[in-house]
Amino acid sequence: MEYDVYSVRKDFPMLNQQIYGRPLVYLDNGATAQKPLSVIECINNFHTSKNSTIHRGIHFFSEQATEEFENARKTVQQFIHAEKSSEVIFTSGTTGSINGLAWSFGERFISPGDEIIISEMEHHSNIVPWQMLCERKGAVLKIIPFNDDGTLEINKLDTLITVKTRLISVMHISNTLGTINPIRAIIARAHANDIPVVIDGAQSVQHTGIDVQKLDCDFFVFSGHKIYGPTGIGILYAKEKWLHELPPFQGGGEMVNVVSFQKTTYNEPPVKFEAGTPNYIGAIGLAEALKYLTKTGLSGIAKHENALLEYGSQKLSELDFITLYGQAPDKSSILSFNLKDVHHYDAGMIIDKMGIAVRTGTHCAQPVMQHYGISGTIRASLGMYNTQEEIDTLISAVKKVRDMFA
Amino acid sequence: MEYDVYSVRKDFPMLNQQIYGRPLVYLDNGATAQKPLSVIECINNFHTSKNSTIHRGIHFFSEQATEEFENARKTVQQFIHAEKSSEVIFTSGTTGSINGLAWSFGERFISPGDEIIISEMEHHSNIVPWQMLCERKGAVLKIIPFNDDGTLEINKLDTLITVKTRLISVMHISNTLGTINPIRAIIARAHANDIPVVIDGAQSVQHTGIDVQKLDCDFFVFSGHKIYGPTGIGILYAKEKWLHELPPFQGGGEMVNVVSFQKTTYNEPPVKFEAGTPNYIGAIGLAEALKYLTKTGLSGIAKHENALLEYGSQKLSELDFITLYGQAPDKSSILSFNLKDVHHYDAGMIIDKMGIAVRTGTHCAQPVMQHYGISGTIRASLGMYNTQEEIDTLISAVKKVRDMFA
Amino acid sequence: MKNINEIQQEISEEFELYDDWMDKYNYLIELSKDLPVIDTKLKVNDNLISGCQSRVWLHADYEAGLIHFTADSDSIITKGIIALLIRILSGRNPEEVMNADLFFIDRIGLRQNLSPTRSNGLLSMIKQMKLYALAYHAKSKGS
Amino acid sequence: MKNINEIQQEISEEFELYDDWMDKYNYLIELSKDLPVIDTKLKVNDNLISGCQSRVWLHADYEAGLIHFTADSDSIITKGIIALLIRILSGRNPEEVMNADLFFIDRIGLRQNLSPTRSNGLLSMIKQMKLYALAYHAKSKGS
Ligand SMILES: Cc1ncc(COP(=O)(O)O)c(C=O)c1O
Ligand SMILES: Cc1ncc(COP(=O)(O)O)c(C=O)c1O
């Protein structure tokens, strides 16, 4: 079946907005995605006719909620092709997943002098937790640099990996450059040295099918709100063997088995890692979003988004006053650029007034900005519901900016 | 104005349910509360016509969302009477708040041999994080015991406090016993020794007005979902002076000021403590719930709930086969009991079939069960919308259980 | 002796007599009284099954190629359920237990009407019984 | 010289000439060109105002009882806004700056139509200007 973006758009009530008297052009999907009606209604419906906390309750609604929550876990499992649903841990988001993991992995496996490798293009959420860990444990953070076109200098990896390397954490797709990183190669090289790998999938899982078993990554993290689901929910996938080795990162709620002041024992994973009342409504809403994506067809979405990206890149590159950041051959969904001699902030103010939602600034990736010696970019990030006409609107807005500030 | 529980009930669609052909009697409010229509619609409305991430965005919807998010912070501030809105940190829930705080406080202030005091009646979420901290730092956890009637042995506090005491963390209202603890006295005694105090308000903020300035507590935590708001959102209130002293508990997102691989500096509080995309929809929904409570009138709610509690206690104590746990003179909203010679689980199964949602088991407070040498209790926990007739239904169900198992 | 499926069929028919849930529970309470109760000295933590809301102790004996289960629980309804499981699975050889397809759970509506939490407990019980069978099976092969 | 409120009134009237937002922005761009630009050697981190989306440097001189502001920004629109602030507040004595009620922000719609994020930056700028005033005020009292 052909992918029909106009019929997809009808599923997203938020897109049907006017702003400053113009139809909203939402190109800020990298920050957060809009929610399809099925997700909105699922949450609504849960609130009005199903709400109850999960776990230990034995009354009807508690049991029903527990079942929906555990089914949500299975839906996530299937979506990312995990081997077992117990490998899927619900967290508060990508940032929550990485921080929890950094804490837990750090307590168990990181000693002074140990090394952790990340890349120069990471989002702050995949930098700062590791910096905090390294500072706490006296470990060393090492950086895979990237080339000006936005590709990782992957050949440097061999010299970065030493006998002291304990973990590699890299993003799958860059939120500023759109680069699709060669994570299979990275994982293979890491595993050849017995080093586990964390993949930050915050910008990939909504654009491309994920098979954590084929990837063979040890950990995979993403956020609900960027994949057309609710806020306050995220995923930490961990290969089963890690679930037993890692200590819990939070205490309380149902994550315990026996609590006494002398000794507390923990529950089995995944519950071991889900202290307190989880965001069960968020989890159920996220599962609904994943079902929507599956139903709509991941490959159709990817094809549509890739065509849009190509169209947008083409149109932008025709403008001689534009610098485009991120020109990797393997690229996804992100158009990051600046106008010559125009501050991204000035540009953003005007683009906004044309009814277009783009993001300006560092996109929580200051090292990328430092790489190019700039203070920020204008970023248009594409989603499944964006159209060619919307790219055209963006292009005219960019021209208008040029006219105003030239 | 008289408090009219029947008109309040109309605001909660979830209450209008049938279960096993009987009208739902929802008495599991201690676990989670139902949401008023205004909260449900606020979330719905945000999803359909306002959704965008907050902070750095300069486009219309991002700015509007940022403003609503910051207004939500102010609503929380006003609700708990904090001095400044920057003292209000959004977290994922009570458990998230305590874990974050335990981590942060522990890093900064806890050394081997130091002591932390909690009580014997705490929820696991206010036990395990401190146990984990004590284990990590070689500190010692000390326990304020309680009397069989459910009151704290507060006179023991003086001997528990030593020069090594660094922190006291106690619950305001017990989720198993209903005891309203004398937190003012505890705070006064702690402060006389320069010891900061954390108040777990998970079971109090929805039942009684909170004024953190009058209480003079250093930290106050609670969950959104127990105060008629959304899941996945909670509050950590911290007195301003702590905000500057404590290190952030998570890294990433907007909580940074400058990120480079050499040195990362943190943003001002509260943002310093809110790494990643916060659950901004949860925060806005929580604010809506607080507005609903304020509009309905906290004192009317408290009066109604207290009358119900008294009625329920009276009715239960008339049954000679019932043991009621928690008979403190100062009590709120919780009826915890067992039937003589009947397992709470058997009772719960039958009570459920009568359309009544109660919780059975340890209520995440195993030490309380250990105190009484029992494996659990049946807990009916009251909310603003419960009625005397519902208590009567519970009483008949309890009698039915007696008839079946006697 | 009837085979596993015949007994399951029999149980399903017994439960069909009751259309009211209270009556089904009353019947489980009745059944709980017939449970071959575990020797008190076997009611130790090692025999506790985790994952149940009530405490369940399960013990297995292996004699002349057949497994005999005894059990206890502090919950009467749980005891009733275990009584059903034992009626079906006790006195069988390891292969039979290992391969048993316990369709009676769906038939009598245990899964929907006893809770998933309870079902989880139930699943833990069944898993433990099958684990015993597996162990004795391996042992008999080994010898 | 007109007083602070008179100048704010004047600015409000100027902006009322434009009903289209693009025109208001174009006017801000115009204004940015008149900004009394800070000495390059004063464009240092110490003079950076935090909390703005673009970089803003602000410097104050105190001479004969009056404060003179110079500033710069890498954003043109921000420069336009600073130009307005300087037109209102520069060349005043510390008390005037400290006590200024900047109603022009609401009048010209800066608060709603430039962003709250931007307004935050704006508030940071105003705060910084008032802090300078406070400092010079204390100094003059002290001497
Ligand atoms: C007193 C108390 N503290 C902490 C918690 C934990 O709250 P949450 O599960 O929302 O994190 C609860 C709720 O179960 C509670 O009753
Ligand atoms: C690559 C990447 N990693 C991590 C994050 C952080 O996600 P969240 O803010 O949902 O925790 C983001 C989103 O901004 C991202 O793009």
Side-chain angles (χ1 to χ4, degrees), chain A residues 13-14 17 19 28 31-32 34-35 40 44 47-49 51-53 56-61 92-96 99 124-125 127-129 131-132 141 143 225 231-233 250-253 256 259-261 264 275-277 279-282 348-349 352 357-361 364 366-367 370, chain B residues 13-14 17 19 28 31-32 34-35 40 44 47-49 51-53 56-61 92-96 99 124-125 127-129 131-132 141 143 225 231-233 250-253 256 259-261 264 275-277 279-282 348-349 352 357-361 364 366-367 370:
Chain A
M14 177 72 197
Q17 302 279 314
I19 154 173
D28 196 16
T32 206
Q34 299 307 334
K35 325 301 170 206
I40 299 172
N44 213 24
H47 277 138
T48 53
S49 61
N51 182 48
S52 171
T53 44
R56 297 280 156 110
I58 53 165
H59 62 79
F60 178 85
F61 285 111
S92 58
T94 303
T95 305
N99 276 279
H124 296 167
S125 294
I127 301 174
V128 187
Q131 285 184 318
M132 288 166 73
L141 195 63
I143 312 296
H225 71 102
T231 51
I233 190 80
Q250 293 205 326
V256 295
V259 173
S260 77
F261 297 121
T264 289
T277 307
N279 185 356
Y280 56 91
I281 303 184
M349 297 286 275
D352 169 51
V358 293
R359 197 146 288 245
T360 60
C364 292
Q366 291 183 19
Q370 288 153 16
Chain B
M14 177 71 197
Q17 302 279 314
I19 155 172
D28 196 16
T32 206
Q34 300 306 334
K35 324 301 171 207
I40 299 172
N44 213 26
H47 278 138
T48 54
S49 61
N51 182 47
S52 171
T53 46
R56 297 279 156 113
I58 54 165
H59 61 80
F60 179 86
F61 285 111
S92 58
T94 303
T95 306
N99 276 277
H124 296 167
S125 294
I127 301 174
V128 187
Q131 284 184 319
M132 288 165 74
L141 196 62
I143 312 297
H225 70 101
T231 53
I233 190 80
Q250 294 204 325
V256 295
V259 173
S260 77
F261 297 121
T264 290
T277 307
N279 185 356
Y280 56 91
I281 304 185
M349 297 287 274
D352 169 51
V358 292
R359 198 145 286 245
T360 61
C364 291
Q366 291 183 19
Q370 288 153 17

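Note on naming: letters A, B, ... go to the chains in the order of the sequence lines (proteins, then strands), and numbering restarts at 1 for each one.
- Residues A:R359 and B:T53 meet the side-chain proximity criterion, which asks for heavy atoms closer than 4.5 Å.
- At a 4.5 Å heavy-atom cutoff, the contact between A:N51 and chain B is made by backbone and side-chain atoms alike.
- To the nearest 0.5 angstrom, B:H225 atom NE2 is 9.5 Å from A:N279 atom CG.
- Residues A:K35 and A:P13 are not in side-chain contact: their nearest non-hydrogen atoms beyond the backbone lie 4.5 Å or more apart.
- No other option in B:A275, B:A357, B:G361 has as many heavy-atom pairs under 4.5 Å with chain A as B:A357.
- Most heavy-atom pairs under 4.5 Å with chain A, from the set B:T277, B:N99, B:T264, B:L141: that is B:N99.
- In terms of heavy atoms, B:H47 sits closest to A:M14 at O-CB, 3.8 Å.
- Annotation: maximal heavy-atom pairing with chain A below 4.5 Å, among B:D28, B:T32, B:I127, occurs at B:T32.
- If you measure heavy-atom distances from A:Q131 to chain B, the contacts under 4.5 Å come from the side chain alone.
- The parts of A:I40 that come within reach of chain B are both its backbone and its side chain, each placing non-hydrogen atoms under 4.5 angstrom from that chain.
- Here A:F261 contributes atom CZ and B:I143 contributes atom CD1; the two are 4.0 Å apart, rounded to the nearest 0.5 Å.
- Both the backbone and the side chain of A:I281 have a heavy atom closer than 4.5 Å to some heavy atom of chain B.
- For chain B, the nearby part of A:Q370 is the side chain; its heavy atoms alone come within less than 4.5 Å.
- Looking only at side-chain heavy atoms (C-beta outward), B:Q17 and A:S49 come within less than 4.5 Å of each other.
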